There are 2 protein chains.
Amino acid sequence: MNIKEIARRAGVSSATISRVLNNSGYVKEETRQKVLKAVDEYNYVPSAIARSLSIQDSLSVGTIIPDIENEFFSKVISGISEVAESYHYNIVFLGTNETLEKEHDFLKIVESQRLKGVIITPISETDTVTRDYLLRLEESGIPVVLVDRDVKGAQFDGVFVDNQRGSYDGVMALIKAGHERIAIITGPETSKPGKDRCQGYLQAMEDSGLSVPEEYVACGDFKIAKAYECTGRLLGLKEPPTAIFTSNNLSTLGCLKYLTEHKIKIGRDVSLMGFDDIDALRMIDYRISVVDRDAREQGREAMRLLQECFEDSGKSRQRGKRITIPYKVILRGSEHRKTT
Amino acid sequence: MNIKEIARRAGVSSATISRVLNNSGYVKEETRQKVLKAVDEYNYVPSAIARSLSIQDSLSVGTIIPDIENEFFSKVISGISEVAESYHYNIVFLGTNETLEKEHDFLKIVESQRLKGVIITPISETDTVTRDYLLRLEESGIPVVLVDRDVKGAQFDGVFVDNQRGSYDGVMALIKAGHERIAIITGPETSKPGKDRCQGYLQAMEDSGLSVPEEYVACGDFKIAKAYECTGRLLGLKEPPTAIFTSNNLSTLGCLKYLTEHKIKIGRDVSLMGFDDIDALRMIDYRISVVDRDAREQGREAMRLLQECFEDSGKSRQRGKRITIPYKVILRGSEHRKTT
DNA sequence: TTGAAAGCGCTAACAA
DNA sequence: TTGTTAGCGCTTTCAA
């Protein structure tokens, strides 16, 4: 059933069908009813594809995210889709699994599908392929909004958090709790938040006159397995840290896994502070102190920003609407050493 | 840049461009090179929209899921997208938040976007609007695959788990551990898995000659808040249960939240068995026994099934390819009462 | 081996 | 207030 068919059945022209369905132009009420009746009777649903081709616009926005299984990102998507729905956009979901190659492929898909815009958490800060692709997209009229991770050498719109200050404050809390030997499990070197969180850590240490032995900076990758490994290495040092700062939720989990398996007690043997909260642990009041922020809101803001881009598209878009959402240091006790 | 433009620049016709880009028909190697060069030079990316309209087919599949923030579903999506990628399909993600209205809206989107197929976890077993819509989609050549939740009055393809036997076995484990007063926090009445898991519970109780006081069946909705509330009600009974069976992961978390806040100890005060595992708790070896299955694999199977539908579409599709994936009862001790 | 042209289902300018 | 028609950017048949 297409527009011509339905027009025939309703005894009008396809233009009239179009007018009725899009509330555009003048249509006599009587004709309108006739059309609506036919549409209903034959269950006619117009082809969004044909419409897109005709008006050169679409209702789909791309969402490129590293790891949907990470609760941080599932909340981000949740926020994005909440706002997207209110504008009747639908979401084309693309998960990169932290693979650059996939990221590049997906950017091509955004272009070939002529998506209306794209929200992306790019894997690497420095990858120029992604950056150039994003620039091209913007140039060809497809707005780009970054979420959480920034890109070097270009000023895209985006929703970020002050990672450096966040982890600075987090590490400071460890220091105030009396720790001097504090280690970090970092994120991947290429990720902006990873680097910034590490910077915040280093700054806090420096500002407090604490030294950071090279081995205290354990290179993680924001994933459980690596963090597990790092924790083992850190605690195996001749002079192990008394506290560990983990750079994201999965690093925290990996660290906890190690501690648990080796019967190392938080508070007694080692203290902990993580970036990003872990919902399930909160349910059982398993008290890990964290630097937290509202991931859902971050997603919502990203979609709102994208919408603004759509609205501004006529005017001379001023680039670089960058939002920073607040973070909060939540102290639950894991930063203390129990001095029993 | 469209196909005509690029054809002009390459000095050939648009038909030739199409042939080269789709590896269809004969093209002299020399011309091919010329075309590829131009395509590369001008960064030409053909419009998937125009292509879709022309060939009356698309590369997008719809995924309608209740709650992306539930780790079960984020794993399902992860599995779906893993397989989808291997076929170069992209995923249009639609999250219903367990709202029927949204589910219906999204089914309309599937139709209007002329998606190639749809994978859905329908909210309700009995909602006829959704059922009829799904039937219509199939009729109009858009295959449907169900994930986890079935629909009454139609035999759609799908990937399920034997919920009844699963919870039967789970509850049996509680019984073997010596419990006689066992309560359940159910799922919503309209959900098939919810009902089946409840059936399994009832069956296990009956087969063991145990009575089920009406108040022991606490009506949950697969969400944390309600399960929290139910737990309170159950434990407030004059004759409270000694064990609780929770019908999904969020119910388990809600229950745990209540227990934790009220300093009720698992094992000492009450025993527990849940449906679906919770990753974060496993990291810290917080031992809750569960009936578990591979959510990721369930997603993969769903997408594989959908692909089969695509392949069969020419032949007389035999309906009702229904896959049942295995479950496993994982005993971690929370089913026991510590008789210290 | 290539090109011309019709057609996919819709929108919108123009005419009536 | 309505209809005719020329696109939108591709694919594919048919002819050359």
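Note on naming: letters A, B, ... go to the chains in the order of the sequence lines (proteins, then strands), and numbering restarts at 1 for each one. Here the structure is a predicted model, which means the values were calculated and not measured.
Nucleic acid contact for B:Thr31: sugar-phosphate only, since backbone atoms but no base atoms lie under 4.0 Å from a heavy atom of the residue.
Screening residues 34-48 of chain B for side chain to side chain donor-acceptor pair (under 3.5 Å) gives A:Arg136-B:Asn43 as the qualifying pairs, with residues at least two apart or on separate chains.
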Protein-nucleotides 10-14 of chain C N/O pairs closer than 3.5 Å?
unit_1	atom_1	unit_2	atom_2	d
C:dC10	OP1	A:Tyr44	OH	2.5
C:dC10	OP1	A:Ser47	N	2.8
C:dC10	OP2	A:Ile3	N	2.2
C:dC10	OP2	A:Tyr44	OH	3.2
C:dC10	O2	A:Ser54	OG	3.2
C:dT11	OP1	A:Asn22	ND2	2.9
C:dT11	OP1	A:Arg51	NE	2.7
C:dT11	OP2	A:Ser18	OG	2.6
C:dT11	OP2	A:Asn22	ND2	3.4
C:dT11	O4'	A:Ser54	OG	2.6

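For the pair A:Lys116 and A:Phe310, the cation sits on the ring face: its NZ or CZ lies under 6.0 Å from the ring centre, inside 45° of the axis.
Applying the side-chain hydrogen bond (donor to acceptor under 3.5 Å, both in side chains) rule to B:Asn22 yields the partners B:Ser18, B:Arg51; only residues at least two apart in sequence or on another chain are considered.
If you measure from atom NZ of B:Lys34 to atom P of C:dT1, you get 14 Å, rounded to the nearest angstrom. Rounded to an integer number of Å, the gap from B:Ile49 CD1 to D:dG7 C1' is 16 Å. The OH atom of A:Tyr26 sits 18 Å away from the P atom of C:dA15 (whole-angstrom rounding).
At the phosphate of D:dC10, neither OP1 nor OP2 sits under 4.0 Å from any side-chain N or O atom of B:Gln56. Of the side-chain N and O atoms in A:Thr16, one or more sit less than 4.0 angstrom from OP1 or OP2 of D:dG3.
The only member of B:Ile323, B:Val147, B:Leu146 that meets side chain to side chain contact (heavy atoms under 4.5 Å, CB included) when paired with B:Phe160 is B:Leu146.
Contact check for A:Ile77 versus B:Phe93: side-chain heavy atoms found under the 4.5 Å cut-off.
Counted by atom type alone, A:Gln307 and A:Tyr89 present one or more donor-acceptor pairs between their side chains at under 3.5 Å.
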